[in-house]
Amino acid sequence: MESFDVIVVGAGIAGLTAARELLKKEPTLKVLVLEGKDRVGGRTLTVDVQTANHTTDKFDMGGQWVGRTQKELLALLDELKIELYDQYETGRKMAQLGTEKIRSYSASLPVFAAGSFTLYEVIDFVRNIFRMNRMSNKINVLDAFSWEGAVAADEQSVASFARSIALTRSARDALDIGMRAVYGAEAKRMSLLYHLLYCRSGGSFMDLVEATGDGAQAFRIKGGSQQISLKLAEAVGNERVRLRSGVRRVETSEGGPTRVTLESGERLECKRLVLAIPPNQCGLVEFSPPLGYMKRRLYDNMTPGHLIKFVVTYKSAFWREDGKSGEIISAGRTTIPGEILPIVCSYDATTSNGSPAIVGFIHAELHDWTVNERCNAVVKDLVRFFGTKALAEFIAYEEKNWNKEPFNGGCPVDYVTPGNMDAFGSIRDMHYGVHFAGTETALVWMGYMSGAVESGKRAANEVLHALELRDKVDHKYMRGSQFSVDYHCPHPPSDHYDDTTSPWRRRIFFGCALVFGIYAVSKKYDLSYTARVFRPVEKTVFKWWTGFKWPH
Ligand SMILES: Cc1cc2nc3c(=O)[nH]c(=O)nc-3n(C[C@H](O)[C@H](O)[C@H](O)COP(=O)(O)OP(=O)(O)OC[C@H]3O[C@@H](n4cnc5c(N)ncnc54)[C@H](O)[C@@H]3O)c2cc1C
């Protein structure tokens, strides 16, 4: 059986970062990366699409945007000499929210768009965002249940929360679209606590959805994001990366070697194993000894989002000439029950070479349609927003249905269903000789490429620690690790009986309030029967207060 110091499973950004970090710190380590697909990059994929003048250009069908607060990713891009360019943002944006009507606005989000939306709607947007931010600011990403509102937040979905606070259909639609665009998920399926933690990890809800300021959609990568993994694989050494090597079984033990069995039946051995794969894929791996209860429950209840991403290339960026930015957000609902229009959101995707295009996401309900049907529906929907030029200037349509992608199960990120956030606390926990990386395990910008980089570095430093190479450990990246010096076990959900608060306190308070209420009413309406009952009390209080006898 072939033997290695470290085997990393998954040649996405997290796995390749972990392998590179290990080799950078200790070049003598024998490291192998195993990847199930026939390519590196995982949830990043850059493809050639036909563009104007019979040429092709590179477009991202997976991870694409970079935000200015995504420090880990920005540092890596700098190291790999990969350049960025601004997301085009000038012009009016279009929204279909709360009604079939399309409304345009020029603020960064409809939240600030008084004029196109009624004042009532704008107040509702602002109120909801403010409330969500206030809640997410209270969350400690390392310990969600240390917040006193955590139990209640985990018991409800984002949709039930939205129903309880949003006063208008437009505000509910806006939140639904946000959920679909950020997680590829329906708000009714996600734990509110997970959503708040995710917002906290990226900064705020606005940071997740905005293309301006600290928003996650501020920049794009020249030449596409898959370059990151291609360059990382080159740095690791392509001979150390084995493609078409899906791992199906892991045997591990305390202090002993860890063995992996590939789909082909081949077995390999290592001192430490890093699983840099999405949680839903961890759930498909057979572990011996089995995973602990919390981790098992986590993998059973972390569901991948569902995104179909599309790119439409055009002869010209006609929307720019018409004063539009190319940005659409749409609930896709009409007055016909059951009808759904495809586009959830879109952006200008004109490349750094100037090839005009629109990129966007398609509603998951269109999953079972054929590519042709989706293409027709998308172009028709673009005509609804941009006019007939969206058809006349059409060149090509390309899409990626991530739910059909092997070794991913869905995209862009796995999320936690209501009632399971206690299990989420175990996401970074080791299982004997196995370490867990991947963007879902990150603390900052979890779910994004930046989170993937951070998680890879954390796992690599854990491995160095476990291999007794402690002088090589960078403690900055050990935050959240069980090996970290300030590690503490996250609080469990605190729905315990609180015996320190006596129920009598409440009973006495309400009893007094009731008696006082009856007294006040009997005085006001001169009720002789109750007045008689209170008279001795009145006399006693009068005497005690004034020192005189009750006047007859
Ligand atoms: C459509 C879409 C849009 C996105 N947009 C953005 C964006 O704009 N900005 C942003 O920052 N992020 C975005 N993301 C998310 C971003 O792409 C991911 O956060 C990041 O790429 C995750 O990297 P990772 O290494 O953690 O996981 P992955 O990229 O999923 O890598 C895991 C690897 O493990 C492999 N694997 C899985 N199971 C096994 C197994 N059993 N054996 C062997 N190999 C296995 C997989 O094939 C995969 O290559 C988007 C993602 C998608 C899909």
Side-chain angles (χ1 to χ4, degrees), residues 7-19 33-46 60-67 70 72-74 77 87 181-184 202 208-209 211 215-221 225-226 228-229 232-233 241-250 260-264 273-286 304-311 347 349 359-362 399-403 405-414 436-442 445-456 459:
I7 292 181
V8 178
V9 183
I13 294 175
L16 290 166
T17 300
V33 181
L34 296 172
E35 168 55 50
K37 296 190 221 282
D38 58 2
R39 62 171 180 87
V40 299
R43 281 172 266 183
T44 57
L45 173 66
T46 308
D60 276 318
M61 303 311 290
Q64 164 169 359
W65 286 283
V66 182
Q70 298 179 346
E72 289 301 331
L73 181 61
L74 289 170
L77 292 172
Q87 169 62 42
V182 172
Y183 307 98
L208 303 188
V209 293
Q217 280 75 233
F219 307 112
R220 288 168 54 207
I221 296 175
S225 63
Q226 201 182 351
I228 303 172
S229 297
L232 283 173
V241 183
R242 279 194 207 165
L243 302 178
R244 296 177 209 86
S245 302
V247 169
R248 280 295 160 243
R249 187 176 157 81
V250 171
V260 295
T261 309
L262 306 187
E263 280 182 329
S264 61
L273 180 75
V274 177
L275 277 188
I277 65 180
N280 78 80
Q281 295 297 308
C282 287
L284 301 179
V285 175
E286 191 189 328
H306 187 320
L307 276 185
I308 306 170
K309 189 169 180 179
F310 72 85
V311 170
Y347 293 89
V359 63
F361 299 109
I362 299 176
E399 67 163 39
K400 176 83 186 162
N401 186 347
W402 283 94
N403 256 52
E405 177 80 354
F407 296 102
N408 267 101
C411 275
V413 66
D414 289 6
F436 296 86
T439 188
E440 285 83 357
T441 68
W445 284 106
M446 157 201 305
Y448 289 77
M449 295 185 277
S450 197
V453 178
E454 179 212 291
S455 76

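Just so you know, ligand 1 is whichever comes first in the structure, and atom 1 is the first atom listed for that ligand.
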#### Entry: For ligand 1, the portion of R248 having any non-hydrogen atom under 4.0 Å away
side chain
### Query
Are the side chains of W65 and R220 in touch, meaning some heavy atoms are under 4.5 Å apart?
yes
### Query
Can you tell if the side chain of V241 reaches within under 4.5 Å of the side chain of L16, non-hydrogen atoms only?
yes
### Query
Do ligand 1 and I277 have nitrogen or oxygen atoms that lie under 3.5 Å from each other?
no
### Task
Show which atoms of ligand 1 fall inside a sub-4.0 Å distance from at least one heavy-atom site of M449.
9 (N), 10 (C), 11 (O), 12 (N), 16 (C), 19 (O)
### Summary
of all protein heavy atoms, closest to atom 39 (C) of ligand 1 is F407 CD2, 3.4 Å
### Message
If we ignore hydrogens and angles and just use 3.5 Å, is the side chain of T46 paired with the main-chain N or O of Q226 as donor and acceptor?
### Response
yes
### Summary
Looking only at protein heavy atoms, what sits closest to atom 52 (C) of ligand 1 is P412 CB, 3.6 Å
### Message
Do W445 and E72 make a side-chain contact, defined as non-hydrogen atoms from C-beta onward lying under 4.5 Å apart?
### Response
no
#### Entry: T441 and E454, any side-chain heavy atoms less than 4.5 Å apart
no
### Message
At less than 4.0 angstrom from any non-hydrogen atom of G246, what atoms of ligand 1 do you find?
### Response
42 (N), 43 (C)
### Query
Hey, which atoms in ligand 1 end up nearer than 4.0 Å to a heavy atom of K37?
47 (O), 49 (O)
### Query
Quick one: nearest non-hydrogen protein atom to atom 25 (O) of ligand 1, plus distance?
A14 N, 2.9 Å
### Query
Side chain, backbone, both or neither: which part of T439 has a heavy atom under 4.0 Å from ligand 1?
both
### Message
With nothing but distance in play, are any N or O atoms of S450 less than 3.5 Å from an N or O of ligand 1?
### Response
no
### Query
With a 4.5 Å limit on heavy-atom distance, are the side chains of C411 and K400 in contact?
no
### Message
Would you compute the distance between atom CZ of F219 and atom CG of L77 and round it to the nearest 0.5 angstrom?
### Response
11.0 Å
### Task
Measure the distance from atom 41 (N) of ligand 1 to every protein heavy atom, then report the residue, atom name and distance (to 0.1 Å) of the closest one.
V247 O, 3.0 Å
### Task
Using modelled atom types only, decide if a donor and an acceptor are shared between the side chain of N280 and the backbone of N408 within a distance under 3.5 Å.
yes
### Message
I'd like to check whether R43 has a polar contact with ligand 1, where a contact means an N/O of the residue lying under 3.5 Å from an N/O of the ligand.
### Response
yes
### Task
State, yes or no, whether a side-chain contact exists between I277 and V285 at a heavy-atom distance under 4.5 Å.
yes
### Query
So, do V453 and I228 sit near enough that their side-chain heavy atoms are less than 4.5 Å apart?
no
### Shortest reach to atom 18 (C) of ligand 1 by a heavy atom, considering only G447, G438, G36
G447
### Query
Roughly how far apart are M446 CE and E440 CD, rounded to 0.5 Å?
8.5 Å
### Message
Residue-level breakdown please: for S225 versus ligand 1, do any non-hydrogen atoms fall below 4.0 Å on the side chain, on the backbone, on both, or on neither?
### Response
neither
### Task
Answer yes or no: does an N/O atom from A452 fall short of 3.5 Å to an N/O atom of ligand 1?
no
### Message
Looking at ligand 1, is there an atom of it that comes within less than 4.0 Å of some heavy atom belonging to S245?
### Response
yes
### Summary
Here the pair of heavy atoms bringing A181 nearest to L307 is O-CD1, 4.4 Å
### Message
Could you walk me through whether R43 and E405 satisfy the salt bridge (charged side-chain N to carboxylate O under 4.0 Å, His left out) test, starting with their C-alpha distance in whole Å, then the side-chain angles of each, then the deciding distance to 0.1 Å, before giving a yes or no?
### Response
CA-CA 9 Å; R43 281 172 266 183; E405 177 80 354; over 6 Å; no
### Message
I want to know if ligand 1 touches G15 in the polar sense, i.e. an N/O pair below 3.5 angstrom.
### Response
no
### Message
Below 4.0 Å from ligand 1: does a non-hydrogen atom of E263 turn up there or not?
### Response
no
### Query
Considering only heavy atoms of I13, which atoms of ligand 1 have at least one such atom less than 4.0 Å away?
25 (O)
### Query
Quick one: which ligand 1 atoms are inside 4.0 Å of a heavy atom on M61?
1 (C)
### Task
Record the part of N408 in heavy-atom contact with ligand 1 below 4.0 Å; permitted values are side chain, backbone, both and neither.
side chain
### Message
Does only the side chain of W402 get under 4.0 Å from ligand 1, or the backbone, or both, or neither? Count heavy atoms.
### Response
side chain
### Query
Can you find a heavy atom in the side chain of V182 that is under 4.5 Å from one in the side chain of Y448?
yes
### Query
With atoms numbered from 1 as shown, which atoms in ligand 1 lie under 4.0 angstrom from a non-hydrogen atom of Q64?
5 (N), 6 (C), 7 (C), 8 (O), 9 (N)
### Task
Report, in ascending order of atom number, the atoms of ligand 1 lying under 4.0 Å from any heavy atom of G10.
33 (C), 34 (O), 35 (C)
### Task
Give the residue and atom name of whichever protein heavy atom lies nearest to atom 9 (N) of ligand 1, and the separation in Å to one decimal.
W65 O, 3.0 Å
### Query
What do the steps show when you test L45 against R39 for side-chain contact (heavy atoms from CB on, under 4.5 Å), and what is the final call?
CA-CA 9 Å; L45 173 66; R39 62 171 180 87; 3.7 Å; yes
### Query
Less than 3.5 Å between some nitrogen or oxygen of E35 and one of ligand 1, yes or no?
yes
### Summary
One should read off an interatomic distance between D60 CG and K309 NZ, to the nearest 0.5 angstrom, of 5.5 Å
#### Entry: Any donor-acceptor N/O pair, Q281 side chain to P278 backbone, under 3.5 Å
no
### Query
atom 32 (C) of ligand 1: which of A276, G409, G451 has the nearest heavy atom?
A276
### Query
For atom 53 (C) of ligand 1, which candidate among G63, C411, G12 holds the nearest heavy atom?
C411
### Query
Side chain, backbone, both or neither: which part of P278 has a heavy atom under 4.0 Å from ligand 1?
side chain
